[in-house]
Undergrad: 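Sharing a structure, written as structure tokens. Questions coming.
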Number of protein chains: 2
Amino acid sequence: MATKRKYYTEEQERLAKIAKALSNPARVFILDFLAKNLDKCCYSGDMVDELPIARSTLSEHLKELKNAGLIQGEINPPYIKYCLNRENWMIARAMLDRFFDR
Amino acid sequence: MATKRKYYTEEQERLAKIAKALSNPARVFILDFLAKNLDKCCYSGDMVDELPIARSTLSEHLKELKNAGLIQGEINPPYIKYCLNRENWMIARAMLDRFFDR
DNA sequence: CCAATAGTTCGGGTTTTCCCGAAATAAAAA
DNA sequence: TTTTTATTTCGGGAAAACCCGAACTATTGG
């Protein structure tokens, strides 16, 4: 490949990461679901019945969204209450705003 | 798995597709590059020197962005002038706005 | 203590993504 | 007509994503 001079900026890497979190319809569904129920927070069991995927698969999508920072889970055994991470949600929103505003 | 009642909405599928187009830093770079040069449109050769990937790989990223509708290429052999697709850009922007606005 | 419940982790299969270099394409320049 | 130039397509390899069912973890209720 030989050496190239420039690589991606931090901003570009971060935007790609946010986009990746949103790049699967199941994850978009989860975020929609959590946003629709901001008042109550949700258990993963509330979502699995609405989705055409196995519990374990849902669990992995939740993990990805957590890693991306878009959601958080409050452990309250044997339940885990999920909700949007407002702070990072706003950051993601601002980044996408900036990106598309031109 | 048994039969599940609900699947993803059109909106959710479309959002996931847009996000997927943005989910790789090389593609974010390309869009940034085209947006920075709205006046002139760009050749793929203008971009390859700034990127740590082979020409053929760049070409495939361009194809993906074209399929997602975010860019368009005007053939002007042996060059191809690329530019943002303003119409779809605005649509994507509106969808993301709506998604994050809550 | 034992069973039930909610959710995660593990092992593994299939598909998709990302990337490359080599070959192909197609028009312009020599 | 031959060569050069800009880009795409092809073949293929490596890595990641997606999905599943089975096994595991941890707590609560009986």
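So you know, we letter chains A, B, ... as the sequences are listed, proteins then strands, and number each from 1.
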Undergrad: Could you pull out all residues at least two apart from B:Gln72 that satisfy side-chain hydrogen bond (donor to acceptor under 3.5 Å, both in side chains)?
TA: none
Undergrad: Round to the nearest Å and state the distance from A:Lys63 atom NZ to D:dC19 atom C1'.
TA: 14 Å
Undergrad: What residues form a side-chain contact (heavy atoms from CB on, under 4.5 Å) with B:Lys66, not counting sequence neighbours?
TA: B:Ile71, B:Tyr82
Undergrad: Between A:Lys81 and A:Asp46 (salt bridge meaning N to carboxylate O under 4.0 Å), is one present in this structure?
TA: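 Looking at A:Asp46 together with A:Lys81, the answer is no, because their closest N to O distance does not fall below 4.0 Å.
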Undergrad: Using side-chain contact (heavy atoms from CB on, under 4.5 Å) as the criterion, list what pairs up with A:Ala94, not counting sequence neighbours.
TA: A:Arg98
Undergrad: Check side-chain contact (heavy atoms from CB on, under 4.5 Å) between A:Ser56 and all other residues, then give those that pass, not counting sequence neighbours.
TA: A:Ala54
Undergrad: Of the candidate nucleotides D:dC20, C:dT8, C:dC18, which contains the atom at the shortest distance from the side chain of A:Thr57?
TA: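 Nearest listed nucleotide: D:dC20.
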Undergrad: If you check every side-chain atom of A:His61, which of D:dC19, D:dT8, D:dC18 has the closest atom?
TA: D:dC19
Undergrad: In this structure, how many angstroms lie between the C1' atom of D:dT9 and the CG atom of B:Leu62, rounded?
TA: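 Taking atom C1' of D:dT9 as the reference, CG of B:Leu62 is at 14 Å.
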Undergrad: Write down the distance between OH (B:Tyr7) and C1' (D:dC19), rounded to a whole number of angstrom.
TA: 14 Å
Undergrad: Return no unless some side-chain N or O of A:Arg55 is found under 4.0 Å from OP1 or OP2 of D:dA22.
TA: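 Indeed not, no polar side-chain atom of A:Arg55 lies that close.
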Undergrad: Without decimals, in angstroms, what is the distance between B:Ile80 CD1 and C:dA28 C1'?
TA: 15 Å
Undergrad: Looking at every non-hydrogen atom in both residues, tell me the closest pair between A:Leu62 and A:Ile30 and how far apart they are.
TA: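 Looking at all heavy atoms of both residues, the shortest contact is CD2-CG2, 3.9 Å.
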Undergrad: Tell me, please, which residues at least two apart from A:Arg55 pass side-chain hydrogen bond (donor to acceptor under 3.5 Å, both in side chains).
TA: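 Testing A:Arg55 for side-chain hydrogen bond (donor to acceptor under 3.5 Å, both in side chains), a comparison that skips the adjacent residues, returns none.
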Undergrad: Where the side chain of A:Ser56 is defined as all heavy atoms beyond and including C-beta, which of D:dG11, C:dT9, D:dC18 is the nearest nucleotide?
TA: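 So the side chain of A:Ser56 is nearest to C:dT9.
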Undergrad: Classify the side chain of B:Glu60 versus the base of C:dC19 as yes if they form a donor-acceptor pair under 3.5 Å and no if they do not.
TA: yes
Undergrad: Going by atom type alone, with no hydrogens or angles, which donor-acceptor pairs under 3.5 Å involve a side-chain atom of residues 13-26 of chain B and a protein atom two or more places apart or on another chain?
TA:
from	atom 1	to	atom 2	distance (Å)
B:Ser23	OG	B:Lys20	O	2.7
B:Asn24	OD1	B:Ala26	N	2.8

Undergrad: Which pair of non-hydrogen atoms, one from A:Leu70 and one from A:Ala92, has the smallest distance, and what is that distance?
TA: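 In this case the closest contact between A:Leu70 and A:Ala92 is CD2-CB, 4.1 Å.
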Undergrad: Could you check which residues of residues 10-24 of chain B get a heavy atom under 4.0 Å from DNA chain C? Sort them by number, please.
TA: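 B:Lys20, B:Asn24, in order of number.
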Undergrad: Which residue pairs pass the side-chain hydrogen bond (donor to acceptor under 3.5 Å, both in side chains) test when at least one of the two sits in residues 83-95 of chain B, sequence neighbours left out?
TA: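 The answer is A:Asp101-B:Arg93.
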Undergrad: Of the listed nucleotides (D:dC19, C:dC18, C:dC20), which one gets closest to any side-chain atom of B:Ala54?
TA: C:dC20
Undergrad: Relative to the 5' end of DNA chain C, which residue comes earlier, B:Leu58 or A:Ser59, by the nucleotide with the nearest heavy atom?
TA: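 Here A:Ser59 is the residue nearer the 5' end.
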Undergrad: Rounding to a whole Å, what distance do you find between A:Lys81:NZ and C:dT8:P?
TA: 15 Å
Undergrad: Starting at atom CD1 of B:Ile53, determine the distance to atom P of D:dT7, rounded to an integer number of angstrom.
TA: 13 Å
Undergrad: Output the rounded distance in Å from CG (A:Asn67) to C1' (D:dC18).
TA: 16 Å
Undergrad: Are any of B:Tyr82's side-chain N or O atoms less than 4.0 Å away from OP1 or OP2 of D:dT8?
TA: yes
Undergrad: Find the bend of the helix from C:dC1-D:dG30 to C:dA30-D:dT1 as the angle between its two terminal axes (five pairs each), to the nearest 10°.
TA: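 Comparing the first five pairs with the last five, the axes sit 10° apart.
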